[in-house]
Amino acid sequence: MAEKVTRKNPELLAPYRKELLGLLGETMEQELRWHLAVMVPRLRLNANQRQSAMSLLSGYMQDRSSIVKTYALQGLADIAQDDADIRSTVIEILREARRNGTPAMKARSRRLLHDLERF
């Protein structure tokens, strides 16, 4: 529910920034991981927080769940939209997923690359 509501109202997440970032690194629960992967990039993050989120989401690429990996790709791309310094790294992650990921990861990577490579 929170994930859907914050698509249109991401500012609702702001009071929970610290907790969400903490959960991103701690939880092993599959459903929570995929929701956090798309919610955390909606937060206003400083450079250190963005780097931490990127590192954690990159770690999600080792998850057993294809859904978690696919949502992590989305989260990485969302962070890269606002940070040119990490965009090239995320583009490489997306290219790798497009080559070697599951069908869902390949499809998502193609769409995300199309958007990111325009910058």
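Nearest heavy atom pair, residue Leu57 against residue Ala72, reads O-CB, 3.7 Å. For Ala104 against Thr70, the heavy-atom pair with the smallest separation is CB-OG1, 3.9 Å. When every heavy atom of Trp34 is checked against every heavy atom of Tyr71, the shortest pair comes out as O-CD2, 3.5 Å. The two residues Leu56 and Gly25 come nearest to each other via the heavy atoms CD2-CA, 3.7 Å.
The distance from atom CD of Gln81 to atom CG of Leu76, rounded to the nearest 0.5 Å, is 12.0 Å. Taken to the nearest 0.5 Å, the CZ atom of Arg87 stands 11.5 Å off from the CD atom of Glu117. To the nearest 0.5 angstrom, Leu112 atom CG is 5.5 Å from Leu94 atom CG. Interatomic distance, Asn100 CG to Arg95 CZ, rounded to the nearest 0.5 Å: 14.0 Å. The CD atom of Glu29 lies 12.0 Å from the OG atom of Ser65; values are rounded to the nearest 0.5 Å. Note: Arg111 CZ to Leu116 CG = 10.5 Å, rounded to the nearest 0.5 Å.
The backbone N or O of Leu24 sits less than 3.5 Å from a side-chain atom of Tyr60, completing a donor-acceptor pair. With hydrogens and angles disregarded, a donor-acceptor distance shorter than 3.5 Å links the side chain of Arg50 to the backbone of Leu45. The closest donor-acceptor contact from the side chain of Asn9 to the backbone of Glu11 lies at 3.5 Å or more, if one exists at all. Formation of a donor-acceptor pair under 3.5 Å by the Arg98 side chain with backbone atoms of Ala107 is not found in this model. Judged by distance alone, the side chain of Ser109 and the main-chain N or O of Met105 form a donor-acceptor pair under 3.5 Å. Using a distance-only test at 3.5 Å, with no hydrogens or angles considered, a donor-acceptor pair links the side chain of Arg17 to the main chain of Arg44.
When side chains are defined from C-beta on, Gln74 counts as touching Asp78, because their heavy atoms get closer than 4.5 Å. Put simply, the side chain of Ile79 does not reach to within 4.5 Å of the side chain of Val90, judged on heavy atoms. Using a 4.5 Å heavy-atom cutoff, the side chains of Met54 and Thr89 are in contact. In this structure, the side chains of Lys69 and Arg108 stay at 4.5 Å or more apart for every pair of heavy atoms. Gln49 has its side chain out of reach of Val40: every pair of non-hydrogen atoms, C-beta onward, lies at least 4.5 Å apart. Arg33 has its side chain within reach of Asp63: a pair of non-hydrogen atoms, C-beta onward, lies under 4.5 Å apart.
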For this session: Would you sort out whether Arg7 and Val38 count as a side-chain contact (heavy atoms from CB on, under 4.5 Å), showing the intermediate values?
Result: CA-CA 9 Å; Arg7 286 180 200 165; Val38 292; over 6 Å; no
For this session: Apply side-chain contact (heavy atoms from CB on, under 4.5 Å) to Met61 and Leu73, showing your working.
Result: CA-CA 8 Å; Met61 298 306 298; Leu73 291 170; 3.6 Å; yes
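For Arg99, the CZ atom counts as densely surrounded, since its 6.0 Å shell holds more than 12 non-hydrogen atoms of other residues, nucleotides or ligands.
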